[in-house]
Amino acid sequence: MAGSELDRLVDMANDIALNLEAYPDAPARVSDHLRRFWAPSMRELITAHVRAGGQGLSDTALAAVKALDER
Amino acid sequence: MSSVIKLRPYRPQRDLGTPAPAVDQGTVRLTVDGREVEAAGGSSVMRATALAGVDIPKLCATDSLDAFGSCRVCLVEIEGRKGTPASCTTPVEAGMVVRTRSDRLERLRRNVIELYLSDHPADCAGECELHDMAADMGVTQSRFAGGRDHQAAAVDDSNPYFRFDPAACIVCYRCVRACEETQGTFALTVDGRGFDSAIAASQLESFMDSECVSCGACVDACPTTALEEQSVLAQGMPDAYQVTTCAYCGVGCGFRAETRDGEVLRMMPWKDGQANEGHACVKGRFAWGYATHEDRITRPMIRESIDQPWKEVDWDEAIGYAARRLREIQAAHGPDSIGGITSSRCTNEETYLVQKLVRAGFGNNNVDTCARVCHSPTGYGLKTTLGESAGTQAFRSVASADVIMVIGANPTDAHPVFASRLKRRLREGAKLIVVDPRTIDLVSGPHVKADHHLQLKPGANVAFANAMAHVIATEGLADMAFIRERCETASFDDWLAFIGRDDNSPEATAAVTGIPAPQLRAAARLYAGAGNAAIYYGLGVSEHTQGSTMVMAIANLAMLTGNLGREGVGVNPLRGQNNVQGSCDMGSFPHELPGYRHVGDPAVRELFEAAWGVTLQSEPGLRIPNMFDAAVAGRFRALYCQGEDVAQSDPNTNHVDAALRALDLLIVQDLFLNETARYAHVFLPGSSFLEKNGTFTNAERRISPVRKVIEPLAGYEDWEVTQLLANAMGFPMNYGHPSEIMDEIARLTPTFEGVTYDKLDRLGSIQWPCNAAAPDGTPTMHAEAMVRGKGYFAITAFVPTDERSTRRYPLLLTTGRILTQYNVGAQTRRTRNSRWHAEDVLEIHPLDAEFRGITDGDWVGVESRAGDTVLHARVSERVQPGVVYTTFHFPLTGANVVTTENSDWATNCPEYKVTAVQVTRVTQPSEWQRRYRQFTDRQENLLEAARRE
Ligand code: SF4
Ligand code: SF4
Ligand code: FES
């Protein structure tokens, strides 16, 4: 089933990371993608999740969300 | 109130007898009946004289078909030539002296006409060129007795839209040739010889049982009433017409809506329509009856909860209620708690207004469109690589292609009129590569055969495209000059290092793609070695977890081989719905203002803020699937949904159902109480394409006018309803006509800068970009340089989908559509098209069927991790073992109960094309179908309650 909204966002962030992994600057590209395409409410949910440990996120996705939070 | 209807008095479309010459051969001067005229070199004497205002009688000639020269009524005299040559088959020559009238010619023509009349009804109910010509020449009866060979033959009225009456047939072969040349189906033959000869469908079958796809080309070509539309037989000839654009698929055919006493009588393909050039398919040509179907809801309705009966109210009350509730919800839950969905079936102007209402009136960017679920990856992928979110060519470009690669598209069913052009080019000798898990009709059809059918496994697209690129790059087949001049060197170098890796080779990927390496190598060489190679693709590319990646991989292939920027090449998305391109152009995506400009760009925002007099949000809004998630989570509470049926078309029905139920307010604007409307609190009646003015933009970026033919059944065109809602919410809109909306779009959108309704009237249609540099539009994109400057090679690493066959769900389900039905079927199901396709079935390979004890026609259960449904099985070798296939035209099919929430990584376009399922024989409908029936029955009753009041 669809799972919770957060589960879904985690999956989405991981997918984005996986598809951009081939680039040396993958985390920056992922943050940029989240900034350009995700609504603020979605970014807030995922940054809060990362602050709480970011369970389920891949390394690249985690780095990307952290970078998003730091800006 | 609504804009006025402007119909023109009926006259048949001009017929010049033979087509324009295919290639430009300059002009020649000749003399016709003592007058010097100029004509295009290579044209027939018949065409040249017709253009000079002298119509020569004709029967077997018509300008949509090559000259045939069989009837001999078009005879002329040419100085210095013996006899009386047929003007349709005689090409013009410089200095030629032609006489079209003389006693001798008159006598010969009368003879022919009398011969034809001897085996023809005395009266024809409709347009009959033979009778008209006889009247012109004063022939009232035939001197030839007997020869009534066809008068007793049985009428074939098996087709629901037209009949064939052999008695009126003059065996001119126009229908046979139309079926071959125009449509490319070869369904008709001539049976017998001489006076006995007669037209027959396929193997002497009825039209309905034959190969006929009911495109109507033969009906249009027939000079008599032998092939005649039922509506004309029943009601007589039209008395007026208006030119408009089909509201079905992304081909966007031009039509003449022909009316009688103010009612639509027939839709005739418009010969000057640049997308279709006089051709059409069974949907646009015949399936327009839904517009006045009794199921249309023509009065606004409201209710507090979806368990209550509907209450019919007047427009003021409905709009007032909707506006008040939207504002209340925003006051209680914040400005971002509401949003809107625009429709790819509505006009550009309507779509533009809905996004404007959301951004400026609602004050947020929560607007999305149904393109989310079909071609959003096209937008992302082409913008990233080439710089513009659109296909690169005009349809007619296919006529110059030497190799055509069709990936994940089924044009003969989904884009039939384009398919006819494509098939014509194949008959001329172009090579064809089909990349599809299923054996689509193009793989092997009449006079068409794919040189390669790469039957890949669902979900392996990117691995396939990378392997193609690997072969081209490593075998030295790349067009390095093009790449050096037109593409970014740095991105190319990085990409080259990536694509050259062994894991991208055909040998390494064969296990994943299922395509034997030698076959893939051969296909890659064919594509790369062509003079002009063109790619056409459909939803089989975009509707995957790597949809965007695949679009970029396709763009990479085109750049790698220099196949961009001229006729005959390019990257061509075949758009599903009539206005998918337009709805995306108009700023329907939550992150983009019209013209694909990001909401985060302050300069762009300022432009719109100044024009609209509001401050705009600088952050992207929610996409449709995010809206649903946020609705279930309670943060998103109200939705204005224009002309889309998310409850049927979107994946994972159970989740959509939960989201729609969670809304405090759902406003649906539609023709029918569709699946989504069953969850609605406000129903605003929509208007069909026949009831409004506006424009649609087709898959080749062609903006075509939609012109009003009848008054809106509910009193308002859709754009007016949006305007009422905006005004009621306190955001003023005061357009008097859609042309004013287009003027605003043009002012604010550089690619539309030069578009006006006047220019559309003048040119017929315009392909954007249309601006100072290209005042008449742009048929071919990226001609001198890429829109983004230099082409960008994106790295397209293959990431397999999570959706894989398992022990529990061992088969892969993929979905598609068929010719006679359209999308969720709301329109076509309400026409006689259902005679061809009354239900969706599950195609399953004989091996998989046998293993499960399934025989053709059995009820089978289809279960995925998302849900299950029940369909009839069709055992078929069109699908490969391990793959099953269905269409999604009927709600009860529940195809989307089974599809999952997996989606494209970049755009969230759902992965409709791959779902792991199990299929079993069953004896009864699924639990979902039972619940669906209950819910639908209940909602029908609640509607009945409103209607009774
Ligand atoms: S309707 Fe179209 S497909 Fe059918 S016989 Fe006529 S031309 Fe051929
Ligand atoms: S459905 Fe498509 S191909 Fe058929 S008539 Fe309409 S626009 Fe043309
Ligand atoms: S019209 Fe020329 S031969 Fe028939």
Side-chain angles (χ1 to χ4, degrees), chain A residues 1-52 54-71, chain B residues 334 336-337 339 364-366 380 462 494-495 498 545-546 548-549 589-592 598-600 617-623 625-636 651-652 654-656 658-659 794-802 865-867 900-908:
Chain A
M1 285 310 325
S4 77
E5 189 180 9
L6 181 63
D7 291 345
R8 175 100 110 125
L9 295 179
V10 167
D11 284 349
M12 280 165 58
N14 284 342
D15 272 352
I16 296 164
L18 208 52
N19 275 276
L20 296 173
E21 211 105 86
Y23 290 99
D25 56 346
R29 283 178 185 253
V30 176
S31 326
D32 184 54
H33 189 97
L34 301 182
R35 219 171 283 127
R36 290 181 66 79
F37 297 104
W38 281 28
S41 57
M42 294 158 66
R43 296 203 304 259
E44 275 155 28
L45 278 172
I46 199 125
T47 41
H49 176 65
V50 165
R51 273 181 238 132
Q55 215 200 348
L57 283 168
S58 70
D59 290 349
T60 307
L62 200 64
V65 179
K66 277 192 179 141
L68 203 62
D69 201 16
E70 278 156 19
R71 254 184 39 134
Chain B
D336 296 344
S337 59
N364 63 46
N365 287 322
N366 291 335
Y380 179 91
V462 172
D494 292 347
W495 176 83
F498 154 77
T545 52
Q546 281 201 296
S548 293
T549 313
F589 289 138
H591 66 288
E592 280 170 343
H598 200 274
V599 293
Q617 283 203 22
S618 61
E619 292 280 2
L622 295 168
R623 298 167 174 176
N626 314 135
M627 290 181 194
F628 292 156
D629 290 344
V632 172
R635 280 183 296 113
F636 187 77
N652 197 344
N654 288 320
H655 183 56
V656 177
I795 295 187
T796 52
F798 172 58
V799 178
T801 167
D802 292 341
R865 64 190 165 82
T900 69
E901 73 289 348
N902 284 0
S903 66
D904 173 44
W905 65 273
T907 65
N908 286 141

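In the text below, chain A, chain B and the rest are named by the order of the sequence lines, each starting its count at 1.
Partners of A/Phe37 under the ring pair (Phe, Tyr, Trp, His ring centres under 6.0 Å) rule, at least two apart in sequence or in another chain, are A/His33, B/Tyr380, B/His591. With sequence neighbours excluded, no residue forms a side chain to side chain donor-acceptor pair (under 3.5 Å) with B/Asn364. Under the side-chain contact (heavy atoms from CB on, under 4.5 Å) criterion, A/Asp59 pairs with no residue at all, not counting sequence neighbours.
Side-chain contact check for B/Leu622 versus A/Ser41: some heavy-atom pair is nearer than 4.5 Å.
The interface of residues 17-24 of chain A with chain B, defined by heavy-atom distances below 4.5 Å, comprises A/Leu18, A/Asn19, A/Leu20, A/Ala22, A/Tyr23.
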Inset, instruction - Carefully, step by step, assess A/Arg35 and B/Glu619 under the rule salt bridge (Lys or Arg N to Asp or Glu O under 4.0 Å). - result: CA-CA 8 Å; A/Arg35 219 171 283 127; B/Glu619 292 280 2; over 6 Å; no
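With chain A as partner, the option from B/Ala630, B/Ala797, B/Pro590, B/Ala633 having the largest number of non-hydrogen pairs under 4.5 angstrom is B/Ala630.
When heavy atoms are compared at a cutoff of 4.5 Å, A/Leu9 does not approach chain B at all. Within the 4.5 angstrom heavy-atom criterion, only side-chain atoms of B/Val799, from C-beta onward, approach chain A. Interface residue B/Ala794: backbone and side-chain heavy atoms are both found under 4.5 Å from chain A.
When each of A/Glu5, A/Arg8, A/Met12 is checked for a side chain to side chain contact (heavy atoms under 4.5 Å, CB included) with B/Asn626, only A/Met12 meets the rule.
Atoms CG and CD, from A/Asp15 and B/Gln546 in turn, are 9.0 Å apart once rounded to the nearest 0.5 Å. Separation of atoms CG (B/Asp802) and CG (A/Asp11) is listed at 7.5 Å; rounding is to 0.5 Å.
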